[in-house]
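Down below is the structure, laid out as structure tokens.
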There are 2 protein chains.
Amino acid sequence: MYSDVMSTPERLISATRDLLWQRGYVGTSPKAIQRLAGAGQGSMYHHFSGKPALALAAIRRTADEMRGTAESALDGPGTPYERIAAYLLRERDVLRGCPVGRLTMDPEVTADETLRAPVDETLDWLRGRLTGIVAEGTAGGGLRPGLDASATAAAVVATVQGGYVLARATGSPAAFDAAVHGLLALLAPDDHRTPEV
Amino acid sequence: MYSDVMSTPERLISATRDLLWQRGYVGTSPKAIQRLAGAGQGSMYHHFSGKPALALAAIRRTADEMRGTAESALDGPGTPYERIAAYLLRERDVLRGCPVGRLTMDPEVTADETLRAPVDETLDWLRGRLTGIVAEGTAGGGLRPGLDASATAAAVVATVQGGYVLARATGSPAAFDAAVHGLLALLAPDDHRTPEV
DNA sequence: GTCTATAGACAGATAGAC
DNA sequence: GTCTATCTGTCTATAGAC
């Protein structure tokens, strides 16, 4: 249940976001959304045409929020290496996984162009943002020189997404941390010690 | 439908493996399994106690197969760097994702200790196997010296798992390839050029 | 071993009263 | 805007005949 000061559509969106994160699209039913939102059947179908529309609103909201969170770390002070480290090491609810990346494993999401678009755009934006920072870093900002900025950025995003997989497999965040620290060591030049962030 | 030379239990397991890969545990119904396997309701429940038992058999089979495939690449000839490259660059049906890693996003799988175990053990084995190879490689086998073998191995596995996420988000294998090549460049010493594998 | 019948609960809505 | 009733199909089995 969500705060009473939220409107019914807002509560429905919040509930859908939470369930999509925890159970995915296929595993999330209208009934479960209604129960969590404290809204009735008729109420939900009054505000949204159905499960796909509600999911789209929820996914867009989650994608926007993730973009803002990532930008906070990437836009911060410090060298390119430090900003990438800030992004990689920021606090996360590791065992819950990535609310955006998770959706790529949902066949109904990837099959629906409309639902997949916000997911694609968000991860694409993140890769592009990191590409710029890596390019800056290889030109004297604390990253190994000579790296392909775009490929390196893809490796950074992939390590995070895959770190969630390892963590959820083991049931502990340790594997995520290991992957991230492993990558940070690889990003630094040979003569550089990974700073304690 | 599967070959008639396979026994009914084998056809059921194969069908379950395929559906688990494509739709996950939550998205896979007994009815769909029966249809794909060409087996009747009663037949399925005669051989397996229910969906969880069938899923367990399917997951074990898939995990064993993945282990064998990975071992083929990791056990091959060449330097540690080359063996890791062989693993990373081996042919994959990238857009289908990892049949084992995928299961970690399924709440019913992670909630069930029995179902999660083979997933955990397989990824754990892979990390351990790579840790040994990385350790060998940092001692003169074409990898950057001074790396934490365990953390580096985690980064390698995470990059693969996350590469699938990126590929499925964009709908193209290109992002997977970018992440893998980005990582390979990072693994090589500064003076080393990534070989064309 | 395989088949059909049956069953209670849920999925994903639509209709119409209030 | 919200509520209750209703509906068709699916989910995950169980029972018992063949």
Side-chain angles (χ1 to χ4, degrees), chain A residues 1-59 103 105-112 114-115, chain B residues 1-59 103 105-112 114-115:
Chain A
M1 262 279 225
Y2 297 93
S3 163
D4 288 348
V5 304
M6 288 170 75
S7 67
T8 297
E10 284 301 317
R11 276 182 288 117
L12 284 165
I13 290 175
S14 293
T16 306
R17 290 179 62 189
D18 279 359
L19 289 168
L20 243 32
W21 193 358
Q22 200 200 332
R23 312 207 16 104
Y25 185 86
V26 172
T28 296
S29 70
K31 179 178 279 191
I33 294 169
Q34 293 152 25
R35 183 160 15 87
L36 187 57
Q41 192 103 314
S43 198
M44 183 191 120
Y45 282 102
H46 173 74
H47 294 290
F48 297 93
S49 64
K51 180 175 163 177
L54 195 37
L56 179 58
I59 291 173
L103 299 167
M105 293 302 141
D106 233 304
E108 321 254 324
V109 171
T110 50
D112 183 333
T114 313
L115 292 179
Chain B
M1 262 283 223
Y2 298 93
S3 161
D4 288 348
V5 304
M6 289 171 75
S7 67
T8 298
E10 284 301 318
R11 277 182 288 117
L12 284 165
I13 290 176
S14 292
T16 305
R17 291 180 62 189
D18 280 358
L19 289 168
L20 243 32
W21 193 358
Q22 199 199 334
R23 315 211 9 110
Y25 185 86
V26 172
T28 296
S29 71
K31 178 179 281 193
I33 294 169
Q34 292 151 27
R35 186 161 12 89
L36 186 58
Q41 193 102 314
S43 198
M44 183 192 120
Y45 282 102
H46 173 75
H47 294 289
F48 297 93
S49 66
K51 179 175 163 177
L54 195 37
L56 179 58
I59 292 173
L103 299 167
M105 293 302 139
D106 232 302
E108 321 253 324
V109 171
T110 51
D112 184 332
T114 313
L115 293 178

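Every chain is numbered from 1, with letters handed out A, B, ... down the list of sequences. Everything numeric here is computed off the predicted structure, so don't read it as measured data. Heavy atoms only: backbone and side chains are in, while hydrogens, waters and symmetry mates are out.
Near DNA chain C, meaning a heavy atom under 4.0 Å away, there are no residues from residues 16-23 of chain A.
Residue pairs meeting the salt bridge (charged side-chain N to carboxylate O under 4.0 Å, His left out) criterion with at least one partner in residues 21-38 of chain A, sequence neighbours excluded, are A:R23-B:E108. For residues 41-58 of chain A, the set of pairs meeting the salt bridge (charged side-chain N to carboxylate O under 4.0 Å, His left out) definition, not counting sequence neighbours, is empty.
Here the closest non-hydrogen pair linking A:I33 and A:T16 is CG2-OG1, 3.4 Å. Nearest approach of A:P30 to A:M44, heavy atoms of both residues: CB-CE, 3.9 Å. The shortest non-hydrogen separation linking A:L103 to A:L20 is CD2-CG, 4.2 Å.
Not counting sequence neighbours, the partners of A:A57 by the side chain to side chain contact (heavy atoms under 4.5 Å, CB included) test are A:I13, A:F48. A:Y2 pairs by the side chain to side chain contact (heavy atoms under 4.5 Å, CB included) definition with A:M6, A:R11, A:S14, A:A15, A:D18, A:L36, not counting sequence neighbours.
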Scan nucleotides 2-16 of chain C nucleotide by nucleotide, 5' to 3', and note B when protein non-hydrogen atoms come under 4.0 Å of the base, S if they reach only the sugar-phosphate, - if neither. BBB------SSBB--
